[in-house]
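The structure appears right after this line, and notes come after that.
The basis for the numbers below is simple: all heavy atoms, side chains too, and nothing from hydrogens, waters or symmetry mates. Just follow the structure's listing: the first ligand is 1, and inside any ligand the first atom is 1.
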Amino acid sequence: MPLPTYRAAIVGLTGIGGARPATDPALPVYHPNPASHASAYHLHPRTELVGVCDLRQDALEAFRQRWQEVWPAMRYYTDFGRMLEEQKPDLVSIATSDHTHAGLTVAAAQCGARAILCEKPIATTLADADRMIEATQSRGVLLSVEHTRRWDPLFLKVRQLIHSGELGPLRTMVVELFTKRAMLFRNGTHLIDLFTFFAGTDPQWVVAELEEGFDDYSEYRGDGGRDPALEPYASAYIRFEGNIRAFFNSYKTAFPTSQCILTCEEGSIQISDQAARLAKGNSRHELWTREVSPDSFLHTRQLGAVDELVHVLEAGGDLISSGREARKTLELILAMLASHCRGNVRVDLPLR
Ligand SMILES: NC(=O)c1ccc[n+]([C@@H]2O[C@H](COP(=O)([O-])OP(=O)(O)OC[C@H]3O[C@@H](n4cnc5c(N)ncnc54)[C@H](O)[C@@H]3O)[C@@H](O)[C@H]2O)c1
């Protein structure tokens, strides 16, 4: 019997929702893993994109021009509710601005979607995150949040090494983000999410300082993530359960870089998007290091997220980037705002 195909739909058709990677004549059959939801559905053998939605006609038209020959029967919508009603998708991708995820996720869950892949951050308020989690969980709908590194083979390999105990217990995590777009909600969320990803325990309290000029920034006041001037960067100290200390440092710089240093009792790992290096030894003079090589995975990034949803729908299990995990990351960001606004004080979690 043939395996079932899942009907998919996307709302939000900018690059992350709708880009089509250029084909490379040097790779006639193989494809690099994609960097958009549309290309993930294109490459996944068990999904078919049946509808796309955007408020903007020009975004719909650009999508049509890019993908027409792949999906000639595609239906185009400006009304998300109508798309859900008419197409009854199993999988729904939410790739709209940061502060619009909640209403669309709840509507998709109410309309019968079986799994939702929502862009990061999960939302910009805890109330929104909670209604997304409630609407999906109460209906048995899967909610996955697209913090991309959670499906990256190098980050997964490092997490495996940390959790294996080979380096002893994890003690400190240092995460840095430097780019013109080092805004907390929009880009910081990717890096702050690494803390819970690697720690495997919950954060207990936070102290933070925001970018100058954001002294009264007690709640999200961005525009969905387009203008970096509307969202601050931050430096923060986070205490995790299990005596794990985490340091987040970010700054809006012209030079873009990010990295993470995980130090355990008996060794450490330094990881960036390009490489990871493990260091181990008993003294400064007897230190050895080695490159960490990722295991090969069939699917990574958005394609990894889609593949995981198909797998968990059929076989059950936990998602690597569930709504609950992403809520922890949002709570950390909001705790940073609260700490700064209250005079850079310690803020205990859960946030009240
Ligand atoms: N995972 C990643 O690496 C990555 C990269 C880029 C963006 N993102 C995330 O993707 C999301 C989208 O980012 P963006 O920069 O494209 O945002 P954007 O605001 O520029 O574009 C969002 C698109 O969604 C459409 N839209 C908004 N509300 C809608 C609605 N109710 N119905 C239909 N269409 C609607 C808009 O018309 C627009 O075309 C954000 O949450 C962002 O954080 C993630």
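Residue contacts with ligand 1: Q302 is placed with no nitrogen or oxygen under 3.5 Å of a nitrogen or oxygen of the ligand (distance criterion only). Any N or O atom pair closer than 3.5 Å counts here, and T96 shares at least one such pair with ligand 1. Backbone and side-chain nitrogen or oxygen atoms of L55 are examined, and one is located within less than 3.5 angstrom of a nitrogen or oxygen of ligand 1.
Here atom 24 (O) of ligand 1 lies nearest to G12 when heavy atoms of G81, S36, G12 are compared. The residue among R226, E119, R186 with a heavy atom at the shortest distance from atom 7 (C) of ligand 1 is R186. Between atom 2 (C) of ligand 1 and the options R301, H99, H190, H37, the minimum heavy-atom separation is to H190.
A salt bridge is defined here as a Lys NZ or Arg NE, NH1 or NH2 lying under 4.0 Å from an Asp or Glu carboxylate O, and R226 with D98 fails to meet this definition. Between E266 and R171, no side-chain nitrogen of the basic residue sits less than 4.0 Å from a carboxylate oxygen of the acidic one, so the salt-bridge criterion is not met. Ion pair R46/D307 not flagged as a salt bridge, since none of the NZ, NE, NH1 or NH2 atoms sits closer than 4.0 Å to an Asp/Glu carboxylate oxygen. No salt bridge links D152 with R301; every basic N to acidic carboxylate O contact stays at or beyond 4.0 Å.
Between the side chains of Q204 and E241, no donor-acceptor pair of N or O atoms lies under 3.5 Å. In summary, the side chains of E86 and Y77 do present a donor paired with an acceptor at a separation below 3.5 Å, with no hydrogens or angles considered. Side-chain atoms of T289 and R277 include a donor-acceptor pair closer than 3.5 Å.
At the top of the distance list for atom 16 (O) of ligand 1, counting protein heavy atoms only, stands T14 OG1, 2.2 Å. Nearest to atom 5 (C) of ligand 1 among the protein's heavy atoms is I16 CD1, 3.7 Å. In terms of protein heavy atoms, atom 31 (N) of ligand 1 is closest to L104 CD2, 3.9 Å.
Within the structure, ligand 1 lacks G225 among the residues with a heavy atom less than 4.0 angstrom away. At least one heavy atom of H101 sits under 4.0 Å from some atom of ligand 1. At least one heavy atom of C53 sits under 4.0 Å from some atom of ligand 1.
Interface of V11 with ligand 1, defined as ligand atoms under 4.0 Å from a residue heavy atom, comprises 32 (N), 33 (C), 34 (N). The ligand atoms of ligand 1 that sit less than 4.0 angstrom from a heavy atom of E146 are 1 (N), 2 (C). Those atoms of ligand 1 that come under 4.0 Å of a heavy atom in D98, given as number and element, are 40 (C), 41 (O), 42 (C), 43 (O). Residue T148 approaches ligand 1 through these ligand atoms, each under 4.0 Å from one of its heavy atoms: 1 (N), 2 (C), 3 (O). Every atom of ligand 1 is numbered from 1 in the order shown, and the set under 4.0 Å from a heavy atom of A95 is 11 (C), 12 (C).
With values rounded to the nearest 0.5 angstrom, M83 atom CE is found 12.0 Å from K88 atom NZ. To the nearest 0.5 angstrom, T263 atom OG1 is 8.5 Å from I162 atom CD1.
Between W205 and Y237, the distance separating the two ring centers is shorter than 6.0 angstrom.
Contacts between D54 and ligand 1 below 4.0 angstrom, taking non-hydrogen atoms only, involve backbone and side chain alike.
Between H299 and H44, the ring-plane angle classifies as tilted under the 30° and 60° cut-offs.
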